[in-house]
Number of protein chains: 2
Amino acid sequence: MESLRESGHKMKQKSKPARPKATIFDVAEHAGVSIKTVSRVVNKEPNVRQQTRDKVLESVGALRYQPNAAARELSGKRSRIIGLIYENAEEFSYLNDVFNGALGICEPAGFSLLLRPLTLPDPDIADRIRQFATNARVEGVVLPAPMGDLPGVAALLREMRIPFAAITPREADPDEINIHCNDEAASFSLTELLIEQGHRAIGFIKGHPDHGASAKRFAGYRRALKTHWIAYAPRLVRQGYFDFDSGRAATGRLLDLAEPPSAILASNDDMAAGAIFEARERGLAVPGELSIAGFDDTRFSTRIWPPLTTVRQPIIQMAQTAAALLIDKLNGRAPAAPRTTFECEVVIRDSTAPLC
Amino acid sequence: MESLRESGHKMKQKSKPARPKATIFDVAEHAGVSIKTVSRVVNKEPNVRQQTRDKVLESVGALRYQPNAAARELSGKRSRIIGLIYENAEEFSYLNDVFNGALGICEPAGFSLLLRPLTLPDPDIADRIRQFATNARVEGVVLPAPMGDLPGVAALLREMRIPFAAITPREADPDEINIHCNDEAASFSLTELLIEQGHRAIGFIKGHPDHGASAKRFAGYRRALKTHWIAYAPRLVRQGYFDFDSGRAATGRLLDLAEPPSAILASNDDMAAGAIFEARERGLAVPGELSIAGFDDTRFSTRIWPPLTTVRQPIIQMAQTAAALLIDKLNGRAPAAPRTTFECEVVIRDSTAPLC
DNA sequence: GTTTCGTTTGACAGCGCTGTCAGATTGCTG
DNA sequence: CAGCAATCTGACAGCGCTGTCAAACGAAAC
């Protein structure tokens with residue numbers, strides 16, 4: 001019990017005024033126990049008498065002890081680092097929420113979050129991810145859309161035996177952590193709203209084909225038409241790529257039609273903004289002559305004029321859940337529900353109006 | 001030379017198929033040198049014969065050796081982690097660029113970037129930063145605006161002896177890394193543009209008083225007026241806070257004036273968007289009846305209608321420089337120019353027009 | 001009072017790397 | 001060719017923590 005620290009831990013009384021950080025030895029000495037017991041208490045391991053636990057905790061507090069992460073990792077093989085691999089797209093408000101949600105869970109849980117932006121498409125994506133995972137020694141990875149949609153990414157992570165949580169509508173193995181929201185239902189509701197407003201010719205701008213959400217949103221649109229006995233017209237559907245310009249271009253083609261739609265549903269807000277822009281360029285009043293709706297409720301949607309009718313996803317919550325489930329898994333606790341669905345909410349603003 | 005690895009490093013031939021990662025011992029054995037020599041080569045230390053160096057490098061390649069970061073940190077006291085403390089504001093495109101710029105430099109240099117969002121104002125900011133720095137064991141910190149403007153933050157970091165690079169117009173100690181752009185000059189140019197377009201009554205919406213950029217931008221506005229012999233009218237200046245709503249409100253008050261301005265210069269794009277929104281609500285044509293200019297050239301500024309005349313800062317480059325100079329400092333190389341100024345660029349779009 | 005078994009605690013050996021310092025080698029000078 | 005400094009290389013001791021395993025302890029069972 002006495003010869004702790006015989007190796008001269010705190011010998012170095014350098015000029016630096018900052019007192020040397022307390023180590024596990026200091027705490028052990030202070031509490032009158034062995035370092036192993038301190039380790040047990042700090043790591044919330046069982047089989048420590050309550051009285052001992054309290055004593056140690058007191059010392060921890062008194063010395064402001066904080067475990068050294070590097071030593072922990074070296075010794076215990078756990079880095080407590082989670083990677084966040086995302087597409088480095090222009091639209092960022094989605095990612096902002098993802099960052100905040102994930103960070104908010106990681107920090108209190110003692111995990112660090114490491115960012116890894118990727119520019120898609122990327123032929124070397126596998127190498128890059130492999131390198132990231134190795135270099136950054138991440139224990140697990142969060143995969144916000146559309147990263148989780150990419151077939152290779154999930155497979156690679158699985159092969160590397162790195163647990164991951166994917167935020168994506170893609171169907172996944174039942175034991176994989178998957179967070180998504182009911183894009184299809186939300187799209188259905190939004191389309192239904194337009195139908196109830198009297199619109200019959202409703203244009204639809206599809207999202208990027210590589211994003212799982214695109215198909216779901218399109219499916220919701222079609223189901224709504226069907227439910228309301230409106231014939232599906234392929235000419236009213238255009239391919240977009242989730243960006244402003246493609247939304248604008250698709251809108252242009254829709255408006256050039258002999259019988260243009262009286263409403264356009266864009267698969268995301270960026271494209272909806274492009275639609276509004278195009279309408280304005282053509283002198284069309286929104287929503288007077290053309291109703292426009294988007295998807296995502298980016299910060300954006302209340303900044304433009306008119307404020308956008310759109311669909312809000314609980315991104316922050318979704319990211320929180322993804323991080324939480326992933327951490328559970330890393331900590332060896334079986335996730336309660338590896339596959340979690342969230343509800344979207346239609347937000348009605350001024351860019352849509354009854355057909356008159 | 002023989003008894004390397006006597007401690008049985010690779011004894012564990014567990015069921016896991018992944019081959020055990022090569023350690024410095026493996027490389028040493030393979031190259032027929034001591035681990036210390038491998039360490040020297042890997043860390044690019046001097047005093048290794050070229051021939052030896054080549055031999056080691058070859059083994060490193062053959063075994064795909066990657067140093068264990070935790071061991072390095074534990075032993076060498078270097079974490080190779082840089083913190084990025086930022087205000088968790090709604091406007092994110094600025095941060096997107098900061099992240100990308102910093103990340104792009106950190107990664108090739110072997111550094112990780114750890115995020116720490118903070119919601120301002122925050123009475124416990126000092127504790128939070130202290131905890132972040134300790135827990136995350138960051139070696140250095142990047143401080144994008146407005147973090148670098150906060151008087152307490154820089155002082156705290158200095159006290160903790162954590163090197164930092166501040167992206168802020170605030171005047172700093174000459175040996176502190178400071179990255180900024182000439183806000184004042186850009187504001188001057190932008191104001192001058194409006195004056196040249198015939199505007200005389202030019203409204204100005206100030207930025208958040210805690211942001212260093214606010215004062216600079218205002219100063220540029222005043223200097224331009226002075227240069228062109230236009231009297232400064234305090235009634236044309238309103239306080240904003242860099243957010244959409246404050247921009248909108250300030251614009252409302254400006255337009256309520258008996259003699260409203262024919263142009264409004266907002267200290268950032270968000271407020272300019274608010275100004276455009278307000279103008280539209282009042283049925284004022286932009287730029288026909290009111291010219292509006294912003295600042296920052298967010299992604300936003302080409303999405304709204306009309307596209308915004310604004311000022312573009314080379315954020316990515318600024319963040320890159322901040323990270324690069326910080327890493328230089330951490331690596332013991334004296335930064336070339338700790339205080340670096342970048343040029344802004346006025347981007348003329350459609351929200352401003354000659355007064356007719 | 002003793003045995004038994006589960007609970008609590010501690011000693012100690014690494015984890016993979018770098019810093020220190022001493023020893024080996026090389027290149028010059030006289 | 002000795003003598004000496006400059007250059008290279010290696011042995012070894014940690015860095016602070018966790019995993020392993022054995023010892024100590026305590027309560028229940030005999």
Side-chain angles (χ1 to χ4, degrees), chain A residues 1-12 14 20-29 31-56 60 63 65-80 110 134 137, chain B residues 1-12 14 20-29 31-56 60 63 65-80 110 134 137:
Chain A
M1 178 54 50
E2 240 349 73
S3 67
L4 292 174
R5 304 194 122 290
E6 78 293 347
S7 47
H9 276 271
K10 53 166 64 158
M11 294 281 118
K12 41 189 164 186
K14 288 281 176 60
K21 282 195 61 178
T23 73
I24 199 171
F25 285 89
D26 300 316
V27 179
E29 197 171 6
V33 298
S34 76
I35 58 165
K36 182 64 216 186
T37 299
V38 176
S39 174
R40 288 202 181 86
V41 172
V42 170
N43 291 296
K44 300 186 178 38
E45 282 173 30
N47 296 339
V48 177
R49 208 184 311 158
Q50 187 57 43
Q51 185 188 336
T52 313
R53 197 177 289 275
D54 292 342
K55 203 168 52 180
V56 171
V60 165
L63 300 177
Y65 169 66
Q66 298 213 294
N68 176 312
R72 261 188 165 169
E73 179 180 346
L74 181 58
S75 174
K77 313 268 161 291
R78 294 206 50 184
S79 65
R80 287 158 198 275
T134 313
R137 73 253 196 223
Chain B
M1 178 57 48
E2 239 351 72
S3 68
L4 291 175
R5 304 193 122 289
E6 77 291 349
S7 47
H9 276 270
K10 53 166 64 156
M11 295 281 118
K12 43 189 164 187
K14 287 281 177 61
K21 282 195 60 178
T23 71
I24 197 170
F25 285 89
D26 301 316
V27 178
E29 198 171 6
V33 298
S34 75
I35 58 165
K36 181 64 217 186
T37 298
V38 176
S39 173
R40 286 201 182 88
V41 172
V42 170
N43 291 296
K44 300 184 177 41
E45 282 173 29
N47 296 338
V48 178
R49 207 184 312 156
Q50 188 58 42
Q51 184 189 338
T52 313
R53 196 176 290 275
D54 292 342
K55 204 169 48 180
V56 171
V60 165
L63 301 177
Y65 169 68
Q66 296 213 292
N68 177 311
R72 258 189 168 169
E73 178 180 347
L74 181 58
S75 173
K77 313 269 160 290
R78 292 205 53 183
S79 66
R80 288 160 198 273
T134 313
R137 73 256 195 219

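Proteins come first, then strands; the chains are lettered A, B, ... in the order of their sequence lines, and each starts at number 1.
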K.L.:
Taking side chain to side chain donor-acceptor pair (under 3.5 Å) as the test, write out the residues that go with A/Gln50, two or more places apart.
P.N.:
A/Asp54

K.L.:
Please compare B/Lys36 and A/Pro46 by the position of their nearest nucleotide in DNA chain C and report the one closer to 5'.
P.N.:
A/Pro46

K.L.:
Whole angstrom is fine here: how far is it from CZ in B/Phe25 over to C1' in D/dA11?
P.N.:
11 Å

K.L.:
Go through the structure and list residues passing salt bridge (Lys or Arg N to Asp or Glu O under 4.0 Å) with A/Arg78, not counting sequence neighbours.
P.N.:
A/Glu139

K.L.:
For the atom pair CD (A/Glu73) and CG (B/Leu74), what is the distance rounded to the nearest 0.5 Å?
P.N.:
10.0 Å

K.L.:
Take atom NZ of A/Lys21 and atom C1' of D/dC17, then tell me their distance rounded to the nearest Å.
P.N.:
13 Å

K.L.:
Can you list everything that forms a side chain to side chain donor-acceptor pair (under 3.5 Å) with B/Gln66? Sequence neighbours excluded, please.
P.N.:
A/Asn135

K.L.:
For residues A/Tyr65 and A/Ile24, report the shortest heavy-atom separation together with the two atoms involved.
P.N.:
CE1-N, 3.5 Å

K.L.:
Which residues pass the side chain to side chain contact (heavy atoms under 4.5 Å, CB included) test with B/Ala69, not counting sequence neighbours?
P.N.:
A/Arg137

K.L.:
Under the rule for salt bridge (Lys or Arg N to Asp or Glu O under 4.0 Å), what residues qualify as partners of A/Arg80, not counting sequence neighbours?
P.N.:
none

K.L.:
Taking the side chain of A/Arg40 as its heavy atoms from C-beta onward, which of C/dG16, C/dG10, D/dC17 lies nearest to it?
P.N.:
C/dG10

K.L.:
What nucleotide, of D/dC17, C/dG10, D/dG10, holds the atom closest to the side chain of A/Thr37?
P.N.:
C/dG10

K.L.:
Could you check how far CD of A/Gln66 sits from C1' of D/dC17, rounded to whole Å?
P.N.:
15 Å

K.L.:
Using a 3.5 Å cut-off and no angle test, enumerate the donor-acceptor pairs between side-chain atoms of residues 39-46 of chain A and protein atoms at least two apart in sequence or in another chain.
P.N.:
unit_1: A/Ser39; atom_1: OG; unit_2: A/Asn43; atom_2: ND2; d: 3.4
unit_1: A/Asn43; atom_1: OD1; unit_2: A/Arg72; atom_2: NH2; d: 3.0
unit_1: A/Asn43; atom_1: ND2; unit_2: A/Ser39; atom_2: O; d: 2.9

K.L.:
Measure from CZ on B/Arg72 to C1' on C/dG19 and round the result to the nearest Å.
P.N.:
14 Å

K.L.:
What nucleotide, of D/dT20, D/dT18, C/dC17, holds the atom closest to the side chain of B/Tyr65?
P.N.:
C/dC17

K.L.:
Can you pull out the residues from residues 47-54 of chain A that lie within a 4.0 Å heavy-atom distance of DNA chain C?
P.N.:
A/Asn47, A/Val48, A/Arg49, A/Thr52

K.L.:
Could you tell me the separation between the CZ atom of A/Arg78 and the C1' atom of C/dC15, rounded to a whole number of Å?
P.N.:
16 Å

K.L.:
Does B/Ser39 have a side-chain nitrogen or oxygen under 4.0 Å from the phosphate oxygens OP1 or OP2 of C/dT18?
P.N.:
yes

K.L.:
Identify which nucleotide among D/dC21, C/dG16, D/dG19 has an atom closest to any side-chain atom of A/Glu45, counting heavy atoms from C-beta outward.
P.N.:
D/dG19

K.L.:
When you measure from the side chain of A/Asn43, which nucleotide among D/dG10, C/dG10, D/dT18 comes out closest?
P.N.:
D/dT18

K.L.:
Check B/Thr37 against B/Val48 and note the closest heavy-atom contact, atom names and distance.
P.N.:
CG2-CG1, 4.5 Å

K.L.:
Look at the side-chain N and O atoms of A/Ser75 and state whether any lies under 4.0 Å from the OP1 or OP2 oxygen of D/dT18.
P.N.:
no

K.L.:
Pick from A/Val27, A/Thr52, A/Asp26, A/Thr23: which one makes a side-chain contact (heavy atoms from CB on, under 4.5 Å) with A/Val38?
P.N.:
A/Val27

K.L.:
With each end axis built from five pairs of C1' atoms, what bend angle do you get for the helix from C/dG1-D/dC30 to C/dG30-D/dC1? Round to 10°.
P.N.:
40°

K.L.:
Among the nucleotides D/dC17, D/dG16, D/dA11, which one has an atom lying closest to any side-chain atom of B/Leu74?
P.N.:
D/dG16

K.L.:
Quick one: A/Ile35 CD1 to C/dG14 P, roughly how many Å, whole number?
P.N.:
15 Å

K.L.:
Grab the CG-P distance between B/Asn68 and D/dG16 for me, whole Å please.
P.N.:
17 Å

K.L.:
What integer distance in Å separates B/Ile24:CD1 from C/dC17:P?
P.N.:
5 Å

